Student: 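Structure in structure tokens, see below.
It should be emphasised that the depicted structure is a prediction, and the values quoted were computed from it without experimental measurement. All chains are named by letter (A, B, ...) in the order of the sequence lines, taking the proteins before the strands, and each is independently numbered beginning at 1. Atom set for the values below is all heavy atoms of this structure, side chains included, hydrogens, waters and symmetry mates excluded.
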Protein chains: 2
Amino acid sequence: MATLKEIAQKVGVSVSVASKVLNNSRTNARVSDSLKQKILETAKEMGYRPHQLARALAKGKTYNIGIVFSYPPHIFLRDLSSSQIVAAVWDKVNKAGYSIFLKSARGKKLGYFPPIDDLIGKVDGLLAIGPVREDDEEVPRWNDLKIPIVLVGNHPKFKGSVVDVDNELGGYLATKHLLALGHRRIGLITISLEPSYARERYNGYLRALKERGLQPKEEWVQITEIGDEGGYKAAKKLLSLQEPPSAIFVSVGVCARGALEAIKGAGLDVPKDISFIAFDRFMENFPKDIQITTVDWSFYKLGLLSTAVLLRLLNGELKAPVERRLPVRLIQGSSTGKPKEKMARKEVKNNE
Amino acid sequence: MATLKEIAQKVGVSVSVASKVLNNSRTNARVSDSLKQKILETAKEMGYRPHQLARALAKGKTYNIGIVFSYPPHIFLRDLSSSQIVAAVWDKVNKAGYSIFLKSARGKKLGYFPPIDDLIGKVDGLLAIGPVREDDEEVPRWNDLKIPIVLVGNHPKFKGSVVDVDNELGGYLATKHLLALGHRRIGLITISLEPSYARERYNGYLRALKERGLQPKEEWVQITEIGDEGGYKAAKKLLSLQEPPSAIFVSVGVCARGALEAIKGAGLDVPKDISFIAFDRFMENFPKDIQITTVDWSFYKLGLLSTAVLLRLLNGELKAPVERRLPVRLIQGSSTGKPKEKMARKEVKNNE
DNA sequence: TTGAAAGCGCTACCAC
DNA sequence: GTGGTAGCGCTTTCAA
């Protein structure tokens with residue numbers, strides 16, 4: 001681990017020359033071959049490896065990009081789906097010649113981004129991954145950082161670039177699919193509308209309904225907690241309505257299984273008695289006996305897209321912050337079909 | 001993103017004082033409160049965030065540790081088991097105040113460690129994770145790096161610290177278990193003995209046998225390829241021997257399922273007709289209908305142990321390179337039992 | 001062709 | 001209490 005200086009001294013030459021040669025810089029051409037030879041040789045002999053920190057400081061570029069998570073690693077990596085985003089970024093970023101810096105939330109502040117002060121100067125750009133809360137106070141602080149930052153998600157006060165799944169479109173597609181089949185009473189199971197993705201999916205749902213001139217009843221929209229339990233409770237409520245929906249759209253995949261159980265528990269058949277559709281296809285724990293119609297997207301692609309944006313920002317190909325949406329598509333399974341009886345529709349109309 | 005200098009100028013004070021205050025260094029006490037106040041304030045106002053690179057260069061310490069993989073991320077992160085090692089390291093390292101640098105093999109050179117030149121100076125220490133080949137040429141180059149390196153695995157020419165599963169003990173325990181049950185003809189299914197872990201497990205097997213005064217017949221040791229297919233073929237060979245073993249020890253978990261299939265395919269019952277034991281409990285794809293007796297260890301713990309060693313090296317608590325073994329334990333399932341008939345043993349003895 | 005020197009931003013030692 | 005200054009190891013501009 002010799003330094004440039006040591007090499008230079010040994011060869012009896014100045015640091016600048018040694019630097020030029022070892023970096024193959026353009027001015028390198030104007031160094032005599034003999035010297036070039038000698039420098040290269042002794043560098044190898046002495047096992048010279050440039051000190052990347054010093055180099056970065058001098059050049060003003062680190063060739064590192066940072067990834068910050070709003071969840072601790074064991075949560076992120078435990079899940080087969082979400083770890084794909086790391087894999088994607090890692091692959092792509094390495095290919096572009098950058099190294100990766102990892103930073104994640106710690107301790108109590110689950111779901112909030114950690115302070116990234118210790119990354120300042122260590123990275124050329126930043127990728128922020130994970131659910132974003134509106135009340136996250138770290139995110140707004142990023143606005144006056146002068147490195148490019150790509151947020152995978154959304155925050156009202158964030159001014160940098162944003163990449164996310166096209167949630168609104170997904171919500172729209174799912175709802176439209178049900179409408180096209182003839183459903184008019186479509187229940188929505190979602191989590192709190194505070195996280196941007198939940199709200200966006202909800203907006204898509206609304207748009208599709210309005211497009212058909214339908215005004216969703218308040219009780220059709222069930223806000224519940226994340227997880228099986230949440231899905232179960234919400235579906236139960238929907239089913240116990242005076243006029244239960246003929247179709248249920250679960251806009252947050254992790255609630256789907258619970259919701260399905262509730263439906264089965266009520267002795268209903270999918271899709272004969274009720275149609276069922278869910279956002280987020282990546283749930284490994286979906287039941288195998290029925291192919292659920294889903295809105296599909298992949299973490300891997302999301303990672304790829306975010307990285308692409310960041311890399312462009314870094315290259316200067318993109319000047320201003322941008323917003324990108326990862327396309328989603330509807331994958332039709334056997335969980336959606338025509339509504340059971342036309343009666344259902346009429347009843348609703350009569351009631352309106 | 002103001003610099004120290006700018007802060008200092010604005011306050012009308014020298015950089016050194018500003019530095020002291022902002023770092024809360026011990027000499028900080030000897031700065032007048034009024035100045036302290038002012039400096040702190042304007043630093044906040046100007047949104048000062050210390051440039052970590054410069055700081056690191058000056059202090060000679062980066063507070064980064066690097067993780068290098070001999071496999072590309074999509075292979076490592078795809079697997080629920082092996083991604084746990086990243087989670088463990090990440091958790092622990094963050095807790096110790098370090099950030100993580102990621103680097104992995106790329107392109108064709110699957111299974112070989114990538115050059116880590118671009119990490120030089122960027123990290124205080126290195127964790128190398130992934131199967132190590134004896135002919136890996138990068139690993140020996142690490143010997144003259146002056147940062148501590150922990151290799152999770154083993155390489156004949158590597159002089160740094162080494163952490164690995166206690167493979168030898170595992171091989172020993174598994175074999176001893178079978179011996180204790182009364183088995184005397186114990187087949188071993190392994191992959192090439194070149195990777196250290198395979199060889200070590202084999203050695204454990206030998207030790208247990210020798211301890212009982214048994215000389216393993218050559219045909220009892222089947223060397224095969226990794227995977228189901230490999231396990232299947234090897235088990236078939238063992239079963240077709242003139243004197244088939246009364247127990248089979250699969251020393252590489254990924255071959256276990258294939259081996260089991262061969263056994264079932266031969267119409268044999270486990271454990272009635274033949275006992276079965278495997279190394280590596282983490283296989284998610286083990287059959288559910290039978291609890292296989294296994295040698296257990298966890299990637300997460302391996303990650304924890306490696307990190308602990310590296311952290312100690314970094315703290316100076318450990319001076320010279322060390323070797324640590326992660327304990328394994330035998331988890332008894334229902335796949336091992338007494339040999340079918342005492343006859344079997346007698347026959348063997350007669351033949352010897 | 002080669003080298004001196006400034007500077008990247010910060011730390012730490014030493015003098016005032 | 002406060003400030004000057006010498007680096008950390010490297011790049012780059014400008015002279016020689």
Student: So A:W90 and B:F69, would you call those rings parallel, tilted or perpendicular, with 30° and 60° as cut-offs?
Tutor: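 Rings of A:W90 and B:F69: perpendicular, over 60°.
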
Student: Between B:D118 and B:K103, does at least one N-O distance fall below 4.0 Å, as a salt bridge requires?
Tutor: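 So B:D118 pairs with B:K103 through a salt bridge.
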
Student: List the atom pairs, donor and acceptor, that lie under 3.5 Å between side-chain atoms in residues 307-321 of chain B and the rest of the protein, sequence neighbours left out.
Tutor:
{"unit_1": "B:T307", "atom_1": "OG1", "unit_2": "B:G303", "atom_2": "O", "d": "2.6"}
{"unit_1": "B:N315", "atom_1": "ND2", "unit_2": "B:L311", "atom_2": "O", "d": "3.4"}
{"unit_1": "B:N315", "atom_1": "ND2", "unit_2": "B:E317", "atom_2": "OE2", "d": "3.1"}

Student: Between the two end axes of the helix from C:dT1-D:dA16 to C:dC16-D:dG1, each built from 5 base pairs, what angle do you get to the nearest 10°?
Tutor: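 End-to-end axis angle: 50°.
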
Student: Measure the spacing between CD1 of A:I129 and CG of A:L302 and express it to the nearest 0.5 Å.
Tutor: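 Atom-to-atom, A:I129:CD1 and A:L302:CG are 7.5 Å apart.
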
Student: Can you tell me the distance, in whole Å, between the CD1 atom of B:I120 and the C1' atom of D:dC10?
Tutor: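 In whole Å, D:dC10 C1' lies 15 Å from B:I120 CD1.
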
Student: Taking salt bridge (charged side-chain N to carboxylate O under 4.0 Å, His left out) as the test, write out the residues that go with A:R141, two or more places apart.
Tutor: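 If we apply the salt bridge (charged side-chain N to carboxylate O under 4.0 Å, His left out) test to A:R141, skipping adjacent residues, the hits are A:D117, A:E138.
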
Student: Tabulate atom names and distances for all N/O pairs under 3.5 angstrom spanning the protein and nucleotides 9-12 of chain C.
Tutor:
{"unit_1": "C:dG9", "atom_1": "N2", "unit_2": "B:A54", "atom_2": "O", "d": "3.2"}
{"unit_1": "C:dC10", "atom_1": "OP1", "unit_2": "B:Y48", "atom_2": "OH", "d": "2.8"}
{"unit_1": "C:dC10", "atom_1": "OP1", "unit_2": "B:H51", "atom_2": "N", "d": "3.1"}
{"unit_1": "C:dC10", "atom_1": "OP2", "unit_2": "B:L4", "atom_2": "N", "d": "2.5"}
{"unit_1": "C:dT11", "atom_1": "OP1", "unit_2": "B:N23", "atom_2": "OD1", "d": "3.1"}
{"unit_1": "C:dT11", "atom_1": "OP1", "unit_2": "B:N23", "atom_2": "ND2", "d": "3.0"}
{"unit_1": "C:dT11", "atom_1": "OP1", "unit_2": "B:R55", "atom_2": "NH1", "d": "2.8"}
{"unit_1": "C:dT11", "atom_1": "OP2", "unit_2": "B:S19", "atom_2": "OG", "d": "2.9"}
{"unit_1": "C:dT11", "atom_1": "OP2", "unit_2": "B:N23", "atom_2": "ND2", "d": "3.0"}

Student: Nearest whole Å is fine: how far is C:dT2 C1' from A:K36 NZ?
Tutor: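 My rounded result for the distance is 14 Å.
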
Student: List in chain and number order the residues that pass side-chain contact (heavy atoms from CB on, under 4.5 Å) with A:E41, two or more places apart in sequence or in another chain; answer none if no residue qualifies.
Tutor: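 With sequence neighbours excluded, A:E41 shows a side-chain contact (heavy atoms from CB on, under 4.5 Å) to A:Q37, given in chain and number order.
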
Student: With sequence neighbours left out, what residues match A:S19 under side-chain hydrogen bond (donor to acceptor under 3.5 Å, both in side chains)?
Tutor: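 Partners of A:S19 under the side-chain hydrogen bond (donor to acceptor under 3.5 Å, both in side chains) test: A:N23.
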
Student: Quick check for you: to the nearest 0.5 Å, what is the distance between A:D124 atom CG and A:I65 atom CD1?
Tutor: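 Here the rounded value is 9.5 Å.
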
